[in-house]
Amino acid sequence: MISGMIARGRSLWRGMRRRDAVELEMSEEFKLHEELRAEDHVRRGLSPAEARRQARLEFGSAERYKDEARHSRGLRRLDELRFSWLDFKLGFRMLARYPGLTLVGGLAMAFAIWVGASTFELATQIIRPSIPLPDGDRIVAIQNWDAAASRIEPHVLHDFESWRTELKSVRELGAYRALERNLITGEGRGEPVEVAEITPSSFKLTRVPPLMGRTLVEGDERPGSTPVVVIGHDVWQRRFAGDPDVVGRTVRLASSPVTIVGVMPAGFEFPVAQSFWVPLRLNVLEHPRREGPALRVFGRLAPGASMADAQAELTALGKRAAVDFRDTHEHLRPVVIPYAKSVVNVTGWRSVGVMSVNLPLVLLLILICGNVALLMFARAATRESEIVVRTALGAGRARIIMQLFTEALVLGSVAAVAGLAAAGAGIRWVMTIVEAEFLEGGRLPFWFQDQLSPATIAYAALLTVLGAVIAGVVPALKVTRAVGAQLRRATAGGGGLRFGGVWTAIIVAQVAVTVAFPAVAFFVRRDATQIENTDVGFATREFLSLRLEMDRDPPPGAPADTSRAAFAARFRTTYQELARRIAAEPGVTQIAFGDRLPLMYHPHRLVLLDDGGAAPIDQRWPAGYRITAASVAPDFFEAVNAPILSGRGFRASDHAVERGEPGSPDALGGPVIVNESFVRLVVGGRNPIGRRVRYVALEEWDGPLGADAKPGPWYEIVGTVRDLGTAVGADVGQAAGGDPKVAAVYHVVAPGGVYPAHMGIRVAGDPTAFGPRLRAIATATDPTLRLYNIRPLSDVMESELEFLDFWFRMLLLVSSIALILSLAGIYAVMAFTVARRTREIGVRIALGATPRSVLASIFRQPVQQVALGVLVGALFVVVLARSAMGWFSPREIVFIVSYAGAMMVVCLLACIVPTRRALSVEPTEALRSEG
Amino acid sequence: MADQAGVLPGTLDLLILKAVSLGRLHGYGVLLRIEQISGGALQIQQGALYPALYRLEHQGLIASEWGTSDHNRKAKYYRLTTTGRRRLGEETASWNRLAEAIARSLAATPQEI
């Protein structure tokens, strides 16, 4: 038996491999047979021509025997499933013959593949980053993990030195510190830039030669050598206008002058997203162990060494250090990881979470292809006669299914090419959106490429095949199932095909999506409009807002005190000088100072009120009253034109005492001012002056402080103001009933008494024009002052608005595609029904039925399906509206009902042409046709 | 000519194996050989022979190779393999048993009941 199987296998293999040769052999054999037979006939006395004819007749149909022969070789299955280039050509021809289906189906599939490929590419780049440097996957990072505190120990100066000298499996070790410093070029205006203070050996590690000049070298590290900087390509083009003589120019980084010695080529932003590189000066003697600068260490695996080898060596070193330096290193465990993971660490469950973003998009593809399947089914139904004839001629079911699958594959491939091209072009745009919304203006690490990786292309190919299976095989299965019955009935036409349960479900789902998505888009737009129209009661357009930061390192010449208190004092002094100079500028009328300004994001906290009457607590946060908080200078309310409504404002003496972070257990109490919403929502409309509040938790989702934790201090309410936009954007709509008014508590700080801080400067005329002047003043006051996000206060929500705009456009796009697919699907079903039942229509009209009753009977089922879909979609809209807006007013109910009605009408638009066709059926024509 | 008995499907394979066992043959030769050894009683439809030949080859009971015929033409010759020979023996024995059983049944006389 085994030998039998082996023999079969071998024969099958031969048949598969040398298909044409096998074909040729069979032809030769048959030909010889016929010739010999003819010769025998001649010998019996027939003429040669007659003999040949007789021989051929006796032989029978060569084609049939060849086919049977292939069958007996076990090749039948293979034949039927064989991919034929003829099918491929026919597929392309189909695309041209049915441009409607091609356009609609192709567009929809292209969209699905575009979205799927883009998301997959981003997800892959997050989870499996590949460093675009020579041998980039051998670059590793080394971290010191503090097992006792469960965090990474950043002060690794001494460890870095010991690793550098002792490690054998990791070479070319380097370290860096990421800083932000003001870059001050000739015009005297400082702009913060990303600087990497880095060991010069790192350039050798990356093996990227400079574009101009040189990289950093060992000599630059030595104390006393000229301060130098290497700049990046992007900066060279933007800040220095691509000046070919930029090497040798001197600029200032904060207060230190540096000389530019080189320019790196485009795309080089190692270690993460930096454009300036200065030498890192490390002196082990200056600091004891586990102190000193916070560094990140990286290196390259030695040739032949693996991560496991490196980890083993590091663990041994770590154990020795734990013994040698017990008091500092006892709990430290060095770890080596791939370099990219030290910056973007998405592993384990989180990586599954990131990849699972692709799932809804696969479902989207399935839904879209299901719809395309509907259209393909309708098209196949018009080719029913062709399929019946082919089946009668001997085509197996699998053969016909393969043909329809190939047609769908051709459509899918064309769509995939378009979708991939769009994905490749759009990746950069998507990354920009991600940077703006999730990184708040930061940059993605340099290894995020805006090209599609081969894995993504393979994924897109898989999606295409999946789509082709759904769009091609499923309708083919249904079409060929009824063919057997067709043959028995001996007519080539007639109603074997029907739109059954699966298609109904698809139409209903499609219509529901068509109804639901514009509603979602509407709510997104509404959110955006609400944000745009937020009125905080003063002219935000006239205020220039900015964020203030300052370099932590004390300036050269000042006492080397790096404590927080010293820095805070220095910042206060610097800020007051800055404010003085700004106030002296012509056109400046107000300066507002605080940890955040109106319209910006205010964190939420929970507070408790002292005994006395209070409003009922919102049950969503039962531990306390949910409020927003800010810390502002005493003249803040005056600056933003918010008069004190009751009680008193803040006085200069209020901030004389350092009070600590409001809400932290070791803070001191003090006066606070609350807004009108606080009075309404927390105190229940009673007089709040003199009442006291205390923080329950610093973030709204923390539980109440543990039983042994000291509760925070009491703050006394001394005054009230109106609402000043403390909850805009993401919070809009979250408050009960969609009312964006949220309670707020304001603490008082000295001007410059909080860090980082925000300033709002009211200036006459266009505030943006004041920007450059502002930078110049800041640089002159203190070059280590860094100003970020200088823009009119009214533009503060801009990035969030852009993100909402992005979503709005995507939803509109999806809605349009859904609408087109729905209309096409409904049209296909209707047209098919009319064509199928032409005869019946003719007969009924001939028998005297009114057009109305004919239409009613024919269109009843499709219209029911559409109505069901609209109902499901409308239900979804109701649920959505309820969660966004709370209970409805009658006005909103009317609105939703009329929206559903409008969508119903739109969907029924697709019925116009089939209806006219049905009505124009001549009874005599109909009876003659094969309906 | 004797009557053209309809050949049962399984028996065609058996006849082919027997014909080929008597010597290496090409397709037409197998046809002639079967006619010959059956004394003209069995005639096969010409083309229908080949699917059977290929099936037997697929199962490894006969093997084929290209050679030259006596008129110097290219022809494909079939010969019996070892497995084929064994199968021929088994099938022949089984056929004989069957024929004997049927013959005995048909020869039953009323007295034997």
Side-chain angles (χ1 to χ4, degrees), chain A residues 1-16 18-19 21-44 51-78, chain B residues 1 4 9-10 12-13 16-17 19 25-36 40 43-88 90-91:
Chain A
M1 193 186 47
I2 303 287
S3 64
M5 271 169 39
I6 293 179
R8 275 191 189 75
R10 209 182 309 152
S11 165
L12 187 64
W13 176 248
R14 225 179 304 139
M16 270 166 46
R18 298 165 50 242
R19 189 208 152 79
V22 164
E23 188 84 10
L24 207 62
E25 281 182 9
M26 282 198 282
S27 299
E28 279 201 48
E29 241 189 309
F30 293 177
K31 197 163 73 105
L32 177 68
H33 185 115
E34 278 185 26
E35 280 175 13
L36 291 175
R37 189 64 176 173
E39 281 167 20
D40 275 356
H41 280 311
V42 165
R43 231 169 287 143
R44 270 187 232 130
R52 273 201 297 279
R53 193 182 83 91
Q54 193 69 13
R56 203 171 311 139
L57 274 178
E58 285 174 343
F59 192 81
S61 158
E63 280 309 316
R64 180 170 144 224
Y65 292 130
K66 272 193 206 164
D67 215 32
E68 279 188 32
R70 288 187 64 81
H71 187 184
S72 44
R73 287 185 122 105
L75 290 169
R76 158 165 279 192
R77 262 300 112 178
L78 201 71
Chain B
M1 279 304 160
Q4 288 198 23
L12 175 60
D13 290 3
I16 294 179
L17 286 178
L25 289 168
H26 57 60
Y28 189 60
V30 170
L31 193 88
L32 292 181
R33 176 71 56 86
I34 292 179
E35 278 190 19
Q36 186 187 29
Q43 287 192 347
I44 323 287
Q45 186 171 24
Q46 311 261 322
L49 184 66
Y50 287 92
L53 275 175
Y54 296 145
R55 188 170 53 241
L56 290 172
E57 189 187 354
H58 181 63
Q59 292 170 2
L61 301 175
I62 59 180
S64 69
E65 60 196 1
W66 283 93
T68 8
S69 75
D70 23 336
H71 297 270
N72 265 340
R73 267 177 292 204
K74 244 181 79 173
K76 201 179 202 188
Y77 283 89
Y78 296 91
R79 61 170 177 80
L80 201 60
T81 61
T82 337
T83 331
R85 195 170 299 279
R86 193 169 43 225
R87 175 70 66 84
L88 177 60
E90 291 166 6
E91 292 291 315

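Computed from a predicted model, the values in this text were never measured in an experiment.
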Once you measure the plane-to-plane angle for Y50(B) and F59(A), does it fall in the parallel (<30°), tilted (30-60°) or perpendicular (>60°) bin? tilted
Answer key: most heavy-atom pairs under 4.5 Å with chain B among K66(A), E35(A), K31(A) is E35(A)
Under 4.5 Å heavy-atom distance to chain A, tell me which part of L56(B) shows up: side chain, backbone, both or neither. neither
With a 4.5 angstrom heavy-atom cut-off, is it the side chain or the backbone of R64(A) that approaches chain B, or both, or neither? neither
Within a strict 4.5 Å, meaning less than it, do heavy atoms of the E29(A) and Y54(B) side chains meet? yes
Which answer fits L36(A), side chain, backbone, both or neither, if we ask what part of it has an atom under 4.5 Å from a heavy atom of chain B? both
Using a cut-off of under 4.5 Å for heavy-atom pairs, which of A75(B), G27(B), A48(B) has the most such pairs with chain A? A48(B)
Chain A: which of P51(B), A52(B), G60(B) shares the most heavy-atom pairs with it under 4.5 Å? P51(B)
Counting only heavy atoms from other residues, nucleotides and ligands, does the tally under 6.0 Å from CZ of R37(A) exceed 12? yes
Roughly how far, to the nearest 0.5 Å, is the CZ atom of R56(A) from the CD atom of Q46(B)? 13.5 Å
Measure E34(A) against the heavy atoms of chain B and call it side chain, backbone, both or neither at under 4.5 Å. neither
Report which part of L32(B) has an atom under 4.5 Å of a heavy atom belonging to chain A: side chain, backbone, both, or neither. side chain
For R73(B), does the CZ atom sit with more than 12 other heavy atoms under 6.0 Å from it, leaving out its own atoms? yes
From E25(A) CD over to W66(B) CH2, what is the distance, rounded to the nearest 0.5 angstrom? 5.5 Å
